[in-house]
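Structure, as structure tokens:
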Amino acid sequence: MFKQLIDILKKNPKKIVFTEGSDPRILEASARLLSGTFLTPILIGKEEEIRSAAEEIGYNIRGAEIYDPEHYGKMDAMVEKMVELRKGKMTPDECREVLKRGNYFGTMLVAMGEADALLGGATYSTADTVRPALQLVKTKPGNKIVSSCFILVRPYATGGNMVLAMGDCAINIKPTEDELVEIATETAKCAQIFGVEPKIAFLSYSTFGSGKGEDVDKMRNAAEKTKAVLPNIPVEGELQFDAAVSPRVAKTKCPQSEVAGYANTFIFPDINAGNIGYKIAQRLGSFDAYGPILLGLNAPINDLSRGCNAQEVYSMAIVTAALAGVKD
């Protein structure tokens, strides 16, 4: 899977912003990326601190770009652009002050076209990564929300990988029917980037009316609306998880469905179910989980877990930058 993404980047190398440039995990991942020559890291922070930290640990970051918000030569232009993007909600002085923070400064580099993508969250919260993205990069035309998905990967014993997509497990707490349609649409597009031909299941505690309730109706209705939006992609709902993934169970519960038993793209009813679901797959099912991959923005901006390691930073950097490559 990653070979495919790296091939995309080799054809069209990208620049990716790391908002926490002196973090040892970021430095290790940056050194690995630089050795591959398909991605240029932009490290945010004080240059002396970043170079000193890299030298102390023994990571070669030669070739990385280092931007210190306190000494950025284009700060006046950045402030002017941010005032424009905030549409009068912030004064120039307020913008100048907030741009001292790596998350806002890095997001503005993307908004101004100085970088192609951004990866943050090694020390920032998810909200501190998403908020600047919403305010400055904004959602794509036609999108009303930012959502997310996880890509889960597990090798087959016979070779190759099982690749699944799960959304939304990180951003929207209790999405509406129409928001679920947008989540499903964006998750399907993301799945395709990773080589998955989406078969979308809207998950519930009910299969085709076996249970009753508002949450069941929401998933059934969202599935029907998504079928109209994505006429060329198989969509089914509402489905219980066993009916979605087990051909044997699907034969009993919904034999007429072309998705049931073979679903690979899962839409959860709310963040509780989604977050629990992907972590069960990760911890008990031995899947590697990549994400959350933020969906619906005008540029690829992604969030790390604060408990991430350097390998996860490296992998997510490739994923994030490749999304920019696919967009081009």
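Source: prediction; values computed, not measured. Below, each value reflects all heavy atoms present in this structure, side chains not excepted, and no hydrogens, waters or symmetry copies.
With a 4.5 Å cut-off on side-chain heavy atoms, Ile44 and Leu109 count as touching. At a threshold of 4.5 Å between non-hydrogen side-chain atoms, the residues Ile16 and Val110 do not count as touching. Residues Ile267 and Ile200 are in side-chain contact: their nearest non-hydrogen atoms beyond the backbone lie under 4.5 Å apart. Looking at Lys225 and Asp178, their side chains come closer than 4.5 Å, going by heavy atoms from C-beta outward. Counting heavy atoms from C-beta outward, Val319 and Ile193 have side chains that stay 4.5 Å or more apart. When side chains are defined from C-beta on, Leu323 counts as touching Asn302, because their heavy atoms get closer than 4.5 Å. Looking at Tyr290 and Val153, their side chains come closer than 4.5 Å, going by heavy atoms from C-beta outward. Residues Thr40 and Glu65 have side chains in contact (heavy-atom distance under 4.5 Å, counting atoms from C-beta outward).
No donor-acceptor pair under 3.5 Å is formed between the side chain of Glu238 and the backbone N or O of Val216. Checked by atom type and distance alone, the side chain of Asp270 never pairs as donor or acceptor with a backbone atom of Ile173 at under 3.5 Å. A donor-acceptor pair is defined here as one N or O able to donate and one able to accept, closer than 3.5 Å; such a pair exists between the side chain of Thr187 and the backbone of Ile183. With Thr320 contributing its side chain and Ala317 its backbone, the two residues share no donor-acceptor pair below 3.5 Å. With hydrogens and angles disregarded, no donor-acceptor distance shorter than 3.5 Å links the side chain of Asn172 to the backbone of Lys174. The closest donor-acceptor contact from the side chain of Asn103 to the backbone of Asp128 lies under 3.5 Å. Checked by atom type and distance alone, the side chain of Asn161 never pairs as donor or acceptor with a backbone atom of Val163 at under 3.5 Å. Listed for the Arg25 side chain is a donor-acceptor partner under 3.5 Å among the backbone atoms of Cys308. Between the side chain of Asn264 and the backbone N or O of Leu164 there is no donor-acceptor pair closer than 3.5 Å. Arg154 places no side-chain N or O within donor-acceptor distance of the main-chain N or O of Asp288, the cut-off being under 3.5 Å.
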As a quick check of understanding, evaluate ring-ring contact (aromatic ring centres under 6.0 Å, His included) for Phe241 and Phe266, giving each step before the final call. CA-CA 9 Å; Phe241 189 78; Phe266 305 98; 5.3 Å; yes

One pair to check against salt bridge (Lys or Arg N to Asp or Glu O under 4.0 Å): Glu97 and Lys100. What are the steps and the verdict? CA-CA 6 Å; Glu97 183 63 28; Lys100 294 177 182 178; 3.1 Å; yes

Side chain to side chain contact (heavy atoms under 4.5 Å, CB included) between Leu180 and Met219, worked out: CA-CA 8 Å; Leu180 285 167; Met219 298 308 283; 3.6 Å; yes

Apply the test side chain to side chain contact (heavy atoms under 4.5 Å, CB included) to residues Ile151 and Ile293: give CA-CA distance (whole Å), side-chain angles for both, the deciding distance (0.1 Å), then the verdict. CA-CA 8 Å; Ile151 299 296; Ile293 299 169; 3.7 Å; yes

May I have the step-by-step check of salt bridge (Lys or Arg N to Asp or Glu O under 4.0 Å) for Glu84 and Lys81, ending in yes or no? CA-CA 5 Å; Glu84 176 190 330; Lys81 180 65 175 177; 3.6 Å; yes

Side chain to side chain contact (heavy atoms under 4.5 Å, CB included) for Glu114 and Lys15? Distances and angles first, verdict last. CA-CA 8 Å; Glu114 300 287 333; Lys15 293 184 177 184; over 6 Å; no

Tell me, with the steps shown, if Ile280 and Gln282 meet side chain to side chain contact (heavy atoms under 4.5 Å, CB included). CA-CA 5 Å; Ile280 289 174; Gln282 181 184 32; over 6 Å; no

Any chance you could lay out the side chain to side chain donor-acceptor pair (under 3.5 Å) test for Ser147 and Glu186, step after step, and finish with the verdict? CA-CA 8 Å; Ser147 59; Glu186 291 296 326; over 6 Å; no

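Between the side chains of Gln135 and Tyr104, at least one donor N or O sits under 3.5 Å from an acceptor N or O. Side-chain atoms of Asn143 and Glu182 form a donor-acceptor pair, as typed in the model, at a separation below 3.5 Å. Remark: the Ser148 side chain and the Asp168 side chain contain an N/O donor-acceptor pair separated by less than 3.5 Å. Side-chain N/O atoms of Asp217 and Asn221 include no donor and acceptor closer than 3.5 Å.
Atom CG of Leu99 is separated from atom CE of Met108 by 6.5 Å, given to the nearest 0.5 angstrom. Glu20 CD to Ile26 CD1: the interatomic distance, rounded to the nearest 0.5 Å, is 6.0 Å. A distance of 10.5 Å separates CZ of Arg51 from CG of Leu27, quoted to the nearest 0.5 Å. Taking CG of Leu295 as the reference point, atom CD1 of Ile171 lies at 9.0 Å (rounded to 0.5 Å). Taking CZ from Phe208 and SG from Cys254, the interatomic distance works out to 5.0 Å, rounded to the nearest 0.5 Å.
Around atom CD of Glu55, no more than 12 heavy atoms belonging to other residues, nucleotides or ligands sit under 6.0 Å away. Applying the 6.0 Å contact sphere to CD of Glu48 captures no more than 12 heavy atoms from other residues, nucleotides or ligands. Open room surrounds CD on Glu56; 12 or fewer heavy atoms of other groups in view lie less than 6.0 Å from it. Open room surrounds CD on Glu80; 12 or fewer heavy atoms of other groups in view lie less than 6.0 Å from it. Heavy-atom neighbours of Tyr262 OH from other residues, nucleotides or ligands within 6.0 Å: at or below the threshold of 12. Within a 6.0 Å radius of CD in Glu94, other residues, nucleotides and ligands contribute more than 12 heavy atoms.
Screening Lys11, Lys3, Lys10 against Asp7 for a salt bridge (Lys or Arg N to Asp or Glu O under 4.0 Å) leaves a single residue, Lys3. Each of Arg220, Lys227, Lys199 was checked for a salt bridge (Lys or Arg N to Asp or Glu O under 4.0 Å) with Glu236, and the lone residue meeting it is Lys227.
Here the closest heavy-atom approach between residue Pro175 and residue Glu179 is recorded as CA-OE1, 3.2 Å. Contact detail for Cys95 and Val83: the closest heavy-atom pair is SG-CG2, 3.8 Å. Residues Phe18 and Pro41 approach most closely at CE1-CB, 3.8 Å, considering heavy atoms. Of all the heavy atoms in Thr265 and Ala191, the pair that sits closest is OG1-CB, 4.1 Å. For the pair Gly102 and Tyr124, the tightest heavy-atom approach, listed with the atom from each and the gap, is N-OH, 3.2 Å.
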